[in-house]
Structures are given as structure tokens and as C-alpha cells.
Amino acid sequence: MSDESLISFMTRFATENGTKMLSIWHDISRNKLINPQKADAHLLERTPEAFIILEDFAEETEVSKGQLIAMTYYHVLEKFCYPSEIPCSRILRGMMRDNLHFCPLCIEEKAYIRRQWKIDGVSCCVKHQISLSQGCSQCGNVIKIMDIDNIEICPYCYFKLKDTPPFIEKLDVEELEKHQLVETIWSQLQYCSGNYRSPSEVATMLLYLLNEEHSIFNRNIVQRNASVLKIHLPYLLQLARNALLRKRALHIRTLLNVMVFCNIDYEYFEKLEVPEIFRDSLRTLKHDIFENIRCIAPWCTYFQRSGSLVKTGTVAKRHSDGSLLRKYVACTACGSRFAFNAKGNMVELEGFLKGYYDLQHMIKENGSMTLLGLRRPVDFNRDRWWGIIAYFCTRPVFGEAEKLDEDLLLAFVQSVEKNGNMNNIHKWKCWDSYRHFLLYRYHSEVMNAQVYSQRKLPMRHSLETCEEMMKALCQEMLENDQDISIERISLLLKVTSNTIRTWGFHHYIKERKNEQGRKRLEARKKLLIDRVDEFFVQNENHRVLSKDIYSYIGIRQSYLNSIAPELNQYISEKRLQYLSIL
């Protein structure tokens, strides 16, 4: 049948010829030395030619090789995987059902398993507009496809599946159309077209669809639609740009979800032409985007001009109010810092832009009053406002800039370049007041030094040194009878336990731990022997029972037998020797 699965066809063929499906499989198997297993039957519907000789089966059944392959999901894999990658492809993982879902009305018409019934997500029969049954209505068991020997009956209670009462559920028009679209997409996917599309090309086409087929990539539109479908957009972008270090492919479920969301079938997808301008906008590199941004500080000499912004090293940061900012940059001309919010708008971070407009308004209202004489607005806290005043006092924006001591300024800059802490600099004895410190703190040279100063990187671990330290620690713990464990060693070496395992040190640690265990056991055995001897000395001329001995040494005979059976032998011999004397 045109929509039949290969396992169903092989099962029916075996039944009609009075044999088992596994016997048919063995007869046409490529490797006669391995007996086929029903648990592996699902592999036949992925890469049939890897397991059976299709030409032989085609000759026996008088069904063409092409028709047999069409009963599998091979053409689905063929569309999105290189031929060498098909056997290990995971793009269909979780999509193929192991349990039988069926329409009893379809079974009554013709008893065979339809390909679409095996697909996860297909829950109704479009032809009869009823939900698929998910088990035997007689015995209540879920039917494993691998247990079926006869398509028409339940393999557990032999109930005729066609007699299953259909669960009739009136589907609304929208739901029915969705199921029809899904069935259409799968039928087109299983058709042999020979058109291979790389993972990068598929990802690009999906992004174009999520972009609502606009010519220029709009991240906001794509992110909104991707969020609805729960698609991880960064991964899709990396795949489209070929930016992944290892080969990856999109799961078929992602492709299916996007096509259903956009209400298109696979034929439309296959003929989709992505404009080159969209590909270019998608491939735009980060440094190209960076070059297009400008300083937005009106007092800056580079206002709306390129060439003054540099990256600060912060890629993204979530603030206490829950907002997420990305792409932090600083202007080398005015010292202002900027970042981009969730809407893609550039925002100034330290309040200088708002302070500038507030100062303009206040000076206009109060005449020629100096900056120090202006009252602090209520929406600025004291420290922030003093910082804004100091910032503009060192720049000729609202009058002449205040002159600073060049030697002190140089010392401040050099300290910042050496990663000097601002709190420590504030404690210098040279400052007349907090404002005096802020004037230097917000000078453009100091702010630039902050951006360009290199952060101290943590010293990289020397593997040889760490190995010597690890061995020394193990030896010290062994000598001092301290518990040896990976967790304790990693804590002392100031690395994670995973790093210890990555370095391969865990083998040595395990050996030393076992050595410690043996050493402790020998010491415990010696102590127990001393306790046994002590017991017999204390009970001289008295009748001695075994239970009294084990009670005295505080250990069960069965447990002692598991850790040191020779001690049980020693106790028995000692007791017999003692009884002979009595």
C-alpha cells in the first residue's frame, strides 16, 4: 500500500506465507551470522539497505525497490543529511513511536499500519476525523509494534482491532486543517526528490520564514516568533552562519513546527527562495554592526560621528531592575558608556545624558548660576549628582573646565592602568574633599584608562606542578590518616573535581584511597586481635560462647566474615584451644 510502513508490509508478507517477520528478515539480511531482533526493527525504517538486501526482497514480493524505500523514512533523512551521515543522524530522534496508534475504521477497510500513525504528533485520522486509538480496548494493553505478528489482532488477547469502538471527537475546522497540513508535510517529506539541503541552508530558510519573509533580518520579529515556538534563536543563527565548531543539524520537529506556524507545506518550503540581501543581513558580522554605532552625547566632539566608540569587555549584564543590556561600549572622546537594551535602543549608563539635559534646563531657568550652585533634582541620589557635576566641571560644556594638578592626574591614571581599586585611590591622603576626588575620577583620561586597562587574568595552572602538589597532598593525608577524596584534593588545589578528572588525576587518587583503606583495615584487624586476646584473658577459667566474643569486640560475625574472614578463623581456633585447656 502506498502509505504503508515497511515493518507492516514485512509482517503482512510473512503472515500470508505462513512464517514470521524475523524469518523473512533473516532470509534477506546482509549479515546472515547475526540473528535479527524485533527490538531493532525500527532501524529498518531509517536505513533499510544497511540491514537487508532490498533487491532480493523486491524480487520475492514483486514490489520495486523504490516502493520499498518509500515505505521508510529514508527520504526524510536524505533531504537533510549527507549519505555518510544518515545511519548516525539524530534529526528524527523521538519522532517515531514504538507503540501502535491506529484508526479502527482504517483497519476495517484494510489491515495495515499507516506510516503517519508512527509519527509522534499525529493524533487523529484525517480521513475519518476521529482520534487514533492508543491500545487494545479489550485487554487495555498498549500494543508494542515489535510484538505484532498479525496486523488485524491484538498480540496479547487476540481481540480484533477493527472492532475497537472509535473515539469520535468532533474536531474544529482549525484543528482539522492543522492535522491535514501535518499529514501533507509528512507525505511530501517521504517523497523522493533528491534535493539535499545543508543544515546551514535549512536554518537560513527557517529564519527567513520566522522573519515573515521580509528582505532584511529583523531580530525583534524573529525573536518574537521563535519564542512562540520555543526555538533557541542563538543556536539557529549560529547554524545559519556556520559558526558552530562541531557539525550539527536541525531536528525535524523544528522544521515541522515552523512550517505549521507559517501555514505552509514542504513543497512551498522546498521552492522558497531566500533573497541575497537577507543572507547578507544575516551574515553581518559583529564588528560591522559595531562600526555603525555612534556616540549619542550632544556635548561630545564625536557626536553622531564614527571612530570614538570602543568595546568595554562586557557583552551582557542583567541589572537589579531585571533589565538586560548588551554590547557595552565607551566613547574615548567624552568618556560616556553606552549599551543596548532589549528593544535594540542605545542607552547611556551613568546618567550623564539625563544630567546634561537637566543642567541645561536649570541653567536656563536660573541664569548664569554656576554648576555648584544648582539644586539636586529629586530623581538623582547625592553621589550620582555629585558625579555628574564633577564630570561636567572637567569639560568645557557649561563654561571653562576646572584645571587639575597634572602630576596627581598622571598618578591617578597610572594607578587605574595597574588595576588600582577606586576605593583604595579614594583613601589617598592628597584629597581635600570628596568633590576633589570626583574631579579626577571623572576626568576623560581616567575614564579612558578604565576602559583600556587590562584585567588581571587568573594564573593558568601548570599541570606538572599540580600533579606534584596532588601527590604530596595524597601522601600527607595517607601518613596523617586523613580521608583521601577527589573533593578534598580539588578544594586544596583550588580547582573543580571535574578538572581533576579531566587531568586524569582521579586514577592516582583512587589508588591512594584504596591503599589507605587497606592500611586502615590492617590496623583494625590488629586492634580486633588484641581485643580477642584481651577477652580470653579476662574470662580465664570461664565457659566462653562465640556470641560473647563478638559482643565484646563490638562487631558481627557476618560482617567480619566479609572484611576479614581470617579473623573468624582465628577466633574459632582460639576458642577451641581455650576449651581444650578447660
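W186 and I119 make their closest contact through CD2-CD1, 3.3 Å (heavy atoms, listed as atom of the first residue, atom of the second, distance). When every heavy atom of R524 is checked against every heavy atom of I555, the shortest pair comes out as NH2-CD1, 3.8 Å. A pairwise comparison of heavy atoms in L44 and F51 identifies CD2-CB, 3.7 Å as the closest pair. Closest approach of L324 to R326, counting heavy atoms only: CD2-NH2, 3.2 Å. Minimum heavy-atom separation, R512 to L478: O-CD1, 4.1 Å. Taking both residues in full, the closest heavy atoms of I484 and Q516 are given as N-OE1, 3.3 Å, listed atom of the first, atom of the second, then distance.
Between F536 and I571, every side-chain heavy-atom pair lies at or beyond the 4.5 Å cut-off. F338 is not listed as a side-chain neighbour of V347, based on a closest heavy-atom distance of 4.5 Å or more. Within the 4.5 Å cutoff, side-chain heavy atoms of K525 are placed close to those of L567. In this structure, L493 and L473 have side chains that are in contact, with non-hydrogen atoms separated by less than 4.5 Å. Using a 4.5 Å heavy-atom threshold, the side chains of L189 and H75 count as separate. Within the 4.5 Å cutoff, side-chain heavy atoms of K118 are placed close to those of E45. The shortest side-chain heavy-atom distance between M477 and L492 falls under the 4.5 Å cut-off. Here the side chains of L132 and S123 are not in contact, with every heavy-atom distance at 4.5 Å or above.
Distance alone, capped at 3.5 Å, is enough to place a donor-acceptor pair between the T11 side chain and the I7 backbone. Panel note: side chain H251, backbone R93; a donor-acceptor pair is recorded below 3.5 Å. H232 places no side-chain N or O within donor-acceptor distance of the main-chain N or O of P234, the cut-off being under 3.5 Å. With hydrogens and angles ignored, the 3.5 Å screen pairs a side-chain donor or acceptor of N568 with a backbone N or O of Q557. Counting only distance, with no hydrogens or angles, the side chain of E4 and the backbone of R115 share no donor-acceptor pair below 3.5 Å. A donor-acceptor pair under 3.5 Å is formed between the side chain of S227 and the backbone N or O of Q223. A side-chain donor-acceptor contact under 3.5 Å links N421 to the backbone of N423. Judged by distance alone, the side chain of T204 and the main-chain N or O of S200 form a donor-acceptor pair under 3.5 Å. Using modelled atom types, one side-chain atom of R241 and one backbone atom of L282 make a donor-acceptor pair closer than 3.5 Å. Under the 3.5 Å distance criterion, the side-chain polar atoms of S133 are left unmatched by any main-chain donor or acceptor of G135.
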Criterion side chain to side chain contact (heavy atoms under 4.5 Å, CB included) on I185 and F269, from CA distance to verdict: CA-CA 10 Å; I185 291 171; F269 179 82; over 6 Å; no

Full working for side chain to side chain contact (heavy atoms under 4.5 Å, CB included) between I143 and L161: CA-CA 11 Å; I143 301 174; L161 298 181; 3.8 Å; yes

CA sep, side-chain torsions, deciding dist, call: M146, L100, side chain to side chain contact (heavy atoms under 4.5 Å, CB included): CA-CA 9 Å; M146 60 181 288; L100 178 65; over 6 Å; no

Derivation and outcome, ring pair (Phe, Tyr, Trp, His ring centres under 6.0 Å), residues Y328 and F340: CA-CA 7 Å; Y328 283 65; F340 290 85; 9.7 Å; no

side-chain hydrogen bond (donor to acceptor under 3.5 Å, both in side chains) between Q450 and R441, worked out: CA-CA 10 Å; Q450 277 188 291; R441 162 70 180 85; 3.2 Å; yes

Candidate pair V329 and V310, rule side chain to side chain contact (heavy atoms under 4.5 Å, CB included), full reasoning: CA-CA 5 Å; V329 294; V310 295; over 6 Å; no

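Considering SG of C139 and OH of Y156, their distance stands at 8.0 Å, rounded to 0.5 Å. The OG atom of S485 sits 10.5 Å away from the CD1 atom of I500 when rounded to the nearest 0.5 Å. Interatomic distance, NZ of K144 versus CG of N99, reported as 4.0 Å (0.5 Å rounding). Distance CG/L250 to CD/E201: 12.0 Å, rounded to 0.5 Å. To the nearest 0.5 Å, atoms CG (N211) and CE (M205) are separated by 14.5 Å. Here the CD1 atom belonging to I52 is positioned 7.0 Å from the CG atom belonging to L68, to the nearest 0.5 angstrom.
A cation-pi arrangement is present between R114 and Y112 under the rule of less than 6.0 angstrom and at most 45 degrees off the ring axis. Seen from the ring of Y552, R531 counts as a face-on cation partner, given the 6.0 Å and 45° thresholds.
Ring centers of F217 and Y208: at least 6.0 Å apart, outside the cut-off.
Applying the 6.0 Å contact sphere to CZ of R224 captures more than 12 heavy atoms from other residues, nucleotides or ligands. Counting heavy-atom neighbours within 6.0 Å of Y158 OH, excluding the residue itself, gives a total of 12 or less. Atom NZ of K20 has 12 or fewer neighbouring heavy atoms from other residues, nucleotides or ligands inside a 6.0 Å radius.
Counting only N and O atoms by type, the side chains of Q134 and R97 include no donor and acceptor under 3.5 Å apart.
Contact check on K574 versus D533 returns a salt bridge, with a Lys/Arg side-chain nitrogen under 4.0 Å from an Asp/Glu carboxylate oxygen. Between R518 and E515 there is no salt bridge, since none of the side-chain N atoms of the basic residue sits less than 4.0 Å from a carboxylate O of the acidic one. With salt bridges taken as basic N to acidic carboxylate O contacts below 4.0 Å, one links R520 and D483. Using a 4.0 Å cut-off between a side-chain N of Lys or Arg and a carboxylate O of Asp or Glu, K65 and E49 qualify as a salt bridge. Taking 4.0 Å as the cut-off between side-chain N and carboxylate O, E467 and K471 count as a salt-bridged pair.
Between F80 and Y266, the two ring planes are perpendicular [angle over 60°; tilted spans 30° to 60°].
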